2 protein chains.
Amino acid sequence: MSAGLPISEIGALVGDPGRANMLSALFDGRALTASELAWSGGVAASTASEHLAKLVAGGLISVAKQGRHRYFRLASPEIARMLESMMVVANNADPAEPRRRATPRIAPNLRRARTCYDHLAGQLGVGIADRLVAQDIVVLGDEAGELTQSGLAWLERFGIAAEPSGRTRRLLCRPCLDWSERRPHLAGRLGAALCRRCGELGWIERERDSRAVLVTPSGLRGFAEVFGLSLA
Amino acid sequence: MSAGLPISEIGALVGDPGRANMLSALFDGRALTASELAWSGGVAASTASEHLAKLVAGGLISVAKQGRHRYFRLASPEIARMLESMMVVANNADPAEPRRRATPRIAPNLRRARTCYDHLAGQLGVGIADRLVAQDIVVLGDEAGELTQSGLAWLERFGIAAEPSGRTRRLLCRPCLDWSERRPHLAGRLGAALCRRCGELGWIERERDSRAVLVTPSGLRGFAEVFGLSLA
DNA sequence: CTGATGCTTCGGCCAGGACCGAAGCATCAG
DNA sequence: CTGATGCTTCGGTCCTGGCCGAAGCATCAG
């Protein structure tokens, strides 16, 4: 019911480097403790505490206390969507300027495979998207993607059941510009389902305290057999 | 190719009230002069000039000089998408806090009908969306909408041809949370096409120097006949 | 109980940046 | 040419807000 914040408040919340780094760290949908976020933000614990209080007050993140830890997470998928759209703009912006001090370097394991909110990103995510398009399982556009008829069958063989209802609750398939690869990977319900299924199959494991995803030995075989991906 | 700006820079650009107001003024896709934007931002011309320079440097807006005027517009549809997603977050955020000084009051004509980037918003926009859903012309979800079979025929009768190709270049139909009505209206290619067609029919006219849209007398009849809308 | 750990509050420092008015250019009208 | 208008640059003021360290609470381990 409330009239909501002015849009500038939202911008200002994301506009501080420390807070932006914290939000980026939360972007994969996991809950992190205040200490972890202080480290992500590159600030002292006291400063981080102030930042986190503002983010909570602004409704961008929510908090759950558990023992002597406080776990913070993004407050809603809308927040993740907003951050994503801001990343898209940030990546396209300002082609002339010499970079001030952009992301210094991408850790190789992050570049290899990581999560992006609830789906797979990095070389793995982009590779999967490429193969699904090449095999005519999905047709991908600028803002949305569609599952082909044969794609539906393929998915069931892979162990992902067709959605029962809620046909438009959340977009089935959406391209998401990959931050490190600069090419789209799959988001939306399909992206999340693929990520979940790969976890069930034991093909991937999430690393502690990081968005990085580890491909298991059986995953190496699986991605090669099913997707034709050779993950160097 | 460039690594792009850090996301915090983007946030900071939107994070100033003056700049945010200017961007909101540009949100309907039109080009405005520096003076007009100074007024929108509620700052002196000199201050506005500095803000505009920053927005241009950050790639959020582009400029075209024409005589002794300089016309500014949003640099790309991605920017509009980003602003929209930020508005969604702003509207949902912070249900507790007493509003600091939100948008003081919505001008009645803006509330009645206005443009939102390239489609219709306000009571008119929401009303159209309601009717199209009620008449089973579109099915609307949280993130996307679909045109029904009968809807396709209806659209052709209304004078909107089926899209020839580019089936997924831009999302056909997308709900967009209406800022004043707090309910969705239609965006995407369909929203833009409807807005354009209503203009062709002479049902609506854009007001000068404002996002407000005027419903003409023939528009009053048209909206009543075709959509069953009585626009008080 | 005592001590360690996680987090927040407090006090104080400091820089960035938002702001304005006046002056300086550019463009157009006459 | 002169004067009006649109916009930017410059100089200077002011204050918000980010930052830290130290101290204060809470929670858990022993």
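Residue numbers start from 1 in every chain, and the chains themselves are labelled A, B, ... in the order their sequence lines are given, proteins ahead of strands. As the structure is a computational prediction, the values presented were derived from the model and not from experiment.
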Residue whose nearest DNA chain D nucleotide is more 5′ - K65(A) or A12(A):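 Here A12(A) is the residue nearer the 5' end.
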
Euclidean distance, atom [atom1] of residue [X] to atom [atom2] of [N] [Å, nearest integer]:
X: E50(B); N: dT13(D); atom1: CD; atom2: P; value: 16 Å
X: L13(A); N: dT16(D); atom1: CG; atom2: P; value: 17 Å
X: L37(A); N: dT8(C); atom1: CG; atom2: P; value: 10 Å
X: W39(A); N: dT5(C); atom1: CH2; atom2: P; value: 20 Å
X: H51(B); N: dT8(D); atom1: NE2; atom2: P; value: 13 Å
X: M22(B); N: dA18(C); atom1: CE; atom2: C1'; value: 11 Å

Parallel, tilted or perpendicular: ring planes of W203(A) versus F223(A), cut at 30 and 60 degrees: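 Perpendicular: the ring planes of W203(A) and F223(A) meet at over 60°.
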
Pairing partner of [N] (Watson-Crick or G-U wobble, both distances under 3.5 Å):
N: dA22(C); answer: dT9(D)
N: dC15(D); answer: dG16(C)
N: dC28(C); answer: dG3(D)

Considering only side-chain heavy atoms of [X], which listed nucleotide, [options], is closest?
X: H69(B); options: dG6(D), dG17(D), dC19(C); answer: dG6(D)
X: S49(A); options: dC20(D), dA18(C), dT8(C); answer: dT8(C)
X: F72(B); options: dC20(D), dT8(D), dT8(C); answer: dT8(D)
X: R19(B); options: dT8(D), dA18(C), dA22(D); answer: dA18(C)
X: D16(B); options: dC19(D), dC19(C), dT27(C); answer: dC19(C)

Polar side-chain atom of R19(A) near backbone of L13(A) as donor-acceptor pair, under 3.5 Å: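 Answer holds: yes.
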
Under 3.5 Å: donor-acceptor pair, side chain of S8(A), backbone of A20(B): no

Verdict with supporting geometry, V215(A) and E205(A), side chain to side chain contact (heavy atoms under 4.5 Å, CB included): CA-CA 7 Å; V215(A) 177; E205(A) 279 168 11; over 6 Å; no

Short N-O contact, E78(A) and R81(A), less than 4.0 angstrom: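 Looking at R81(A) together with E78(A), the answer is no, because their closest N to O distance does not fall below 4.0 Å.
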
Side-chain N or O of R70(A) closer than 4.0 Å to phosphate OP1/OP2 of dA26(D):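 For R70(A), the contact criterion (side-chain N or O under 4.0 Å from OP1 or OP2 of dA26(D)) is not met.
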
Earlier contact from the 5' end, DNA chain C, for S46(B) and K54(B):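 Final value for this comparison: K54(B).
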
Touch class at under 4.0 angstrom, heavy-atom based, for A45(B) against every strand present: base

